[in-house]
There are 2 protein chains.
Amino acid sequence: IEKFRSLSPAEFFYRNREIAGFSNPSRALYQTVRELVENSLDACDNHGILPTVRITVFPENTKENHYRVTVSDNGIGIPPRYVPQAFGKVLFGSKYKLRQTRGTFGLGAKMAILYGQITTGKPVEVRTSPKGSQYSYFFKIMIDIEKNEPIVMERRIMKRKSKRHGTTVSVVVEGDWSRARSRILEYIKRTAMGVPYATITIITPEKEAYKYSRVIRKMPPPPREVKPHPRGVDIEMLKAIIASTKSSTLKDMLKNAFQSIGKKSAEILLEEAGIDPNKDPRKLTLDEITALVSSMRKYNKYRPPRTDALSPLGKDIIEAGLKGVLKPEFAYAVTRKPSSYSGHPFIVEVGVAYGGEVPLSPDKGPILYRFANKIPLLYDEGSDVCWKVVSDANFNWRQYNVKLPDRIAVLVHICSTKIPYKGVGKESIADVPEIEREVRNAVKEAARHLRLYLSKKIRAEEEKRK
Amino acid sequence: IEKFRSLSPAEFFYRNREIAGFSNPSRALYQTVRELVENSLDACDNHGILPTVRITVFPENTKENHYRVTVSDNGIGIPPRYVPQAFGKVLFGSKYKLRQTRGTFGLGAKMAILYGQITTGKPVEVRTSPKGSQYSYFFKIMIDIEKNEPIVMERRIMKRKSKRHGTTVSVVVEGDWSRARSRILEYIKRTAMGVPYATITIITPEKEAYKYSRVIRKMPPPPREVKPHPRGVDIEMLKAIIASTKSSTLKDMLKNAFQSIGKKSAEILLEEAGIDPNKDPRKLTLDEITALVSSMRKYNKYRPPRTDALSPLGKDIIEAGLKGVLKPEFAYAVTRKPSSYSGHPFIVEVGVAYGGEVPLSPDKGPILYRFANKIPLLYDEGSDVCWKVVSDANFNWRQYNVKLPDRIAVLVHICSTKIPYKGVGKESIADVPEIEREVRNAVKEAARHLRLYLSKKIRAEEEKRK
Ligand SMILES: Nc1ncnc2c1ncn2[C@@H]1O[C@H](COP(=O)(O)OP(=O)(O)OP(=O)(O)O)[C@@H](O)[C@H]1O
Ligand SMILES: Nc1ncnc2c1ncn2[C@@H]1O[C@H](COP(=O)(O)OP(=O)(O)OP(=O)(O)O)[C@@H](O)[C@H]1O
Ligand SMILES: [Mg+2]
Ligand SMILES: [Mg+2]
């Protein structure tokens with residue numbers, strides 16, 4: 001006979017931690033570093049703070065494959081009443097909003113802490129000095145896996161002597177530094193490429209220090225939270241909006257709850273659904289809700305989604321990043337106009353680098369640097385939409401005077417209020433048709449500039465020979 | 001300033017449903033069918049019942065892209081007190097045990113129901129007649145997404161006239177039958193290949209019926225639940241065992257809680273960890289627990305994991321399946337000895353079919369049929385460990401007299417107490433080293449038999465010419 005039970009979210013992700021990227025000691029050490037770094041960068045650049053992030057990976061004297069990973073930042077800090085849950089409750093966070101952030105699941109820090117807890121038994125240590133507060137706080141936290149609640153082992157409050165704000169998170173995990181080292185260092189290097197206004201330092205178990213100092217002091221404006229776009233609506237979303245609305249008429253509710261719905265489009269949508277615009281939203285029947293959802297999804301004359309929710313890298317940053325890292329003879333980047341899928345705005349940016357010191361690409365496609373909401377993606381390239389677009393099997397590079405293998409690299413950055421990751425480990429992006437189309441158009445646009453450059457170069461060399 | 005909140009598991013998987021395979025109407029319709037079919041097959045063959053499963057996909061008169069998907073089985077049924085949570089609470093189920101089952105996450109049925117709820121607003125209808133009960137039960141259930149609790153809209157109990165037991169689950173979802181059709185029919189066909197003792201019928205919106213009648217009446221023994229293997233232990237697992245143990249000594253606890261630990265190995269492990277075998281487990285310090293976990297994971301003289309937790313297909317079934325579907329001139333299958341990864345037992349089975357009516361393979365590798373715990377996997381082939389092994393880039397087919405493209409197909413079945421899926425949508429398997437090695441050895445073993453056959457065939461043709 002079958003025995004039934006439920007799992008807490010902590011239990012579920014403990015049992016299935018490989019799905020979140022914690023599959024073996026090398027990959028888990030990488031994931032631990034990146035989850036903490038991504039939290040630190042969000043805490044800075046979502047609040048207009050020039051990020052200064054310091055990462056240390058030190059051997060822990062208890063066992064040869066234990067490492068203490070510590071990440072410090074000068075970010076906004078965390079209000080002390082939320083610290084236990086932020087680090088001790090799976091599916092808890094501040095990034096469940098419609099705004100471009102690196103974080104999205106409310107899971108990352110907890111996975112690193114859980115992995116430390118099950119491999120070394122040690123709690124996470126969190127120090128935070130929230131911006132504007134006179135105090136600093138220190139916590140030692142473990143996760144009660146069965147209940148999915150934090151266990152606060154220790155808590156201290158100290159009066160702060162300086163105005164400096166920020167957070168330090170420290171975990172002890174089992175890892176394989178020799179295998180993980182090159183990926184972790186590559187991740188830090190590419191992160192710095194995408195945030196040239198950040199100063200990032202990493203110190204390794206061998207006591208080597210790699211420092212990427214900021215090269216610009218001007219920061220892009222932080223992304224702003226926006227209302228949902230009607231193209232992405234579903235029945236449950238509309239029911240939830242109805243349940244919490246303060247509007248007394250349906251047309252007011254639509255205008256207030258969604259972006260891109262004005263007086264005129266509200267009337268069109270409601271007429272299409274056959275509902276009185278002045279009706280009390282709470283009096284709608286299920287059939288009316290279903291009809292309204294259907295007309296909202298079908299309507300295609302909306303203003304495109306707002307993009308102050310987004311923060312692209314920009315042409316200059318991408319070209320500077322490619323030039324700094326690869327020293328090519330040619331680099332060119334494009335930032336596409338905003339687009340959207342299922343009501344989520346997104347922007348695709350592509351940079352192409354050629355020649356000079358660019359390493360030789362593989363046969364099957366250019367060297368590919370992928371970024372999603374400024375996060376570098378290093379694993380699962382083969383199942384990513386960007387690889388699908390740029391691989392030689394699918395992109396006619398010869399048409400652009402490029403014969404693979406060649407000294408060619410492509411950088412793709414996709415930013416969105418919701419990146420369609422294929423998994424909670426955030427390593428590859430699904431081939432959503434709208435995104436695939438935009439990536440392809442952006443690569444073509446950049447490749448045309450490369451072709452122009454190459455044909456000029458060929459003519460110049462022919463001139464020279466005469 | 002940041003606003004913090006938690007998500008219920010239902011809310012999390014609602015927001016991230018594409019990660020569970022519900023990314024677009026075509027894929028979601030496929031996923032809905034398969035989640036329900038997999039539940040029905042588990043309810044039969046885990047209980048020694050010859051499965052009879054009937055699937056209907058009918059247009060729902062409300063809207064042109066709405067379909068009512070109904071799956072009925074003659075399985076064990078569900079105790080009525082568990083029906084609401086089984087279908088209305090995400091992360092709830094009866095398959096959180098160490099035993100080979102198709103189900104594993106406690107999520108599948110709820111995702112289908114959630115998807116129906118957000119696209120059509122309709123509740124799931126569940127009828128169940130538990131084996132041995134005199135009653136039948138009917139439920140209409142929706143999911144309270146915010147609370148992750150079932151909402152029972154309707155409940156009926158009826159006295160049963162017949163002894164027939166089983167369950168019927170019916171949902172109404174938005175779908176794209178024209179796009180999903182070929183995949184769904186292929187999924188049913190391959191499912192039938194893997195369970196030739198099952199009778200499976202599917203009726204399509206066009207009112208076509210496809211029936212796969214059972215060709216054998218002998219069923220493999222149902223997999224049995226087993227205790228964890230010590231190679232997979234971690235600190236939290238050991239703490240949980242200590243917290244619930246009834247043993248008064250540490251060595252007794254180890255022998256009772258784990259498979260493959262006898263008197264002798266318990267003493268060796270405890271000596272290696274420097275702990276008195278007669279110590280009360282509840283008195284262990286964290287350092288002692290960590291040392292014990294370390295010695296349990298390092299020790300390599302355990303008996304291999306028990307395999308009565310597993311239910312392979314077997315050589316005959318695989319060859320019969322390949323012959324029935326492909327009509328090759330040659331078919332050969334191998335079932336490898338059991339192996340394990342991280343303490344989880346697994347068995348790899350491979351079948352190779354060649355020539356005859358086998359379709360021409362692509363250039364880059366043979367036609368590949370993947371199965372995991374008897375589930376056919378149809379998506380994400382490129383990121384699956386089986387493709388990694390058999391693709392032409394990685395497997396030297398020419399060494400076996402096969403020059404791609406050729407009329408060659410490979411079937412791989414991996415069964416385990418835990419399939420290392422890459423995602424909760426269960427479409428591809430991660431390249432765990434132990435599994436990759438076993439798949440490679442199994443393919444080589446089958447390919448050697450193919451080579452023998454091909455060289456005999458070549459010699460016979462040469463004889464003929466003389
Ligand atoms: N260094 C930090 N500074 C400020 N806030 C932080 C920091 N690290 C974590 N937090 C807070 O803790 C919350 C939980 O972090 P966690 O990484 O678990 O989830 P997330 O970042 O929201 O989503 P994801 O799972 O995608 O990473 C964050 O949402 C953020 O509010
Ligand atoms: N047709 C059925 N007959 C008997 N029991 C069923 C049936 N369908 C569902 N169940 C019960 O409901 C539970 C929940 O099903 P659900 O598909 O959500 O999760 P699961 O099958 O356990 O795991 P997974 O998410 O991997 O499918 C199952 O564990 C099983 O006990
Ligand atoms: Mg995070
Ligand atoms: Mg299931």
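Proteins get letters first, then strands, A, B, ... in listed order; numbering begins at 1 in each. Since the model is a prediction, treat every value here as computed from it, not as a measurement.
Within the 4.5 angstrom heavy-atom criterion, no atom of B/Q85 approaches chain A. Interface residue A/E225: only side-chain heavy atoms are found under 4.5 Å from chain B. Both the backbone and the side chain of A/I118 come within contact range of chain B, each with at least one heavy atom under 4.5 Å from a heavy atom of that chain. A/K418 touches chain B through its side chain: at least one heavy atom from C-beta onward sits under 4.5 Å away, while N, CA, C and O do not. Contact annotation for B/Q117: both backbone and side-chain heavy atoms come within less than 4.5 Å of a heavy atom of chain A. With a threshold of 4.5 angstrom between heavy atoms, B/R99 approaches chain A through side-chain atoms but not through N, CA, C or O. Heavy atoms of A/T119 lying under 4.5 Å from chain B belong exclusively to its backbone. With a threshold of 4.5 angstrom between heavy atoms, B/F13 approaches chain A through side-chain atoms but not through N, CA, C or O. The part of A/D380 that comes within reach of chain B is its side chain, from C-beta onward, which places non-hydrogen atoms under 4.5 angstrom from that chain. Within the 4.5 angstrom heavy-atom criterion, only side-chain atoms of B/K89, from C-beta onward, approach chain A. Using a 4.5 Å cut-off between heavy atoms, B/L7 touches chain A through backbone and side chain atoms alike. Looking at A/S23, neither its backbone nor its side chain comes within 4.5 Å of chain B, counting heavy atoms on both sides. Contacts of B/I78 with chain A are made by side-chain atoms alone, with heavy-atom separations under 4.5 Å and no backbone atom involved.
No donor-acceptor pair under 3.5 Å is formed between the side chain of A/Y14 and the backbone N or O of A/I145. In terms of modelled atom types and a separation under 3.5 Å, the side chain of B/E18 and the main chain of A/K422 share no donor-acceptor contact.
Here the shortest heavy-atom pairing between A/G75 and A/H165 reads O-ND1, 2.8 Å. When all heavy atoms of B/E272 and B/S295 are compared, the pair lying nearest together is CG-CB, 3.3 Å. The two residues A/F4 and B/P79 come nearest to each other via the heavy atoms CE1-CD, 3.9 Å. Heavy-atom minimum distance, B/L286 versus A/G121: CD2-O, 3.6 Å. Between B/E11 and B/E146, the closest heavy-atom pair is OE1-CA, 4.1 Å.
By number of non-hydrogen pairs under 4.5 angstrom with chain B, the leading residue of A/F105, A/Y96, A/F12, A/Y421 is A/Y96. Among B/S342, B/S294, B/G93, the residue making the largest number of heavy-atom pairs under 4.5 Å with chain A is B/G93. Chosen from B/I19, B/L107, B/V233, the residue pairing most often with chain A at heavy-atom distances under 4.5 Å is B/I19. Most heavy-atom pairs under 4.5 Å with chain B: of the set A/N16, A/I76, A/V293, A/T290, this distinction falls to A/N16.
With 3.5 Å as the limit, one finds no donor-acceptor pair spanning the side chains of A/S26 and A/D176. Under 3.5 Å, the side chains of B/T128 and B/T167 contain a donor-acceptor pair of N or O atoms. Of the N and O atoms on the side chains of A/H344 and A/T417, at least one donor lies less than 3.5 Å from an acceptor on the other residue. Looking only at atom types and distance, the side chain of A/E2 has a donor-acceptor partner in the side chain of B/S94 under 3.5 Å away.
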Can I get a per-line list of side-chain donor-acceptor pairs under 3.5 Å for residues 426-435 of chain A, giving both atom names and the distance, sequence neighbours left out?
from   : atom 1 : to     : atom 2 : distance (Å)
A/K426 : NZ     : A/R102 : O      : 3.2
A/E427 : OE1    : A/L378 : N      : 3.0
A/E427 : OE1    : A/Y379 : N      : 2.9
A/E427 : OE2    : A/R34  : NH1    : 2.8
A/D431 : OD2    : A/K388 : NZ     : 2.8

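Heavy-atom contacts from other residues, nucleotides or ligands closer than 6.0 Å to NZ of A/K97 number more than 12.
The contact list for residues 235-244 of chain A toward chain B, using heavy atoms and a distance under 4.5 Å, reads A/I235, A/E236, A/M237, A/K239 by residue number.
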Open item on the list: One pair to check against salt bridge (Lys or Arg N to Asp or Glu O under 4.0 Å): B/K122 and B/E60. What are the steps and the verdict?
Closed with: CA-CA 11 Å; B/K122 302 215 168 136; B/E60 183 78 348; 3.2 Å; yes
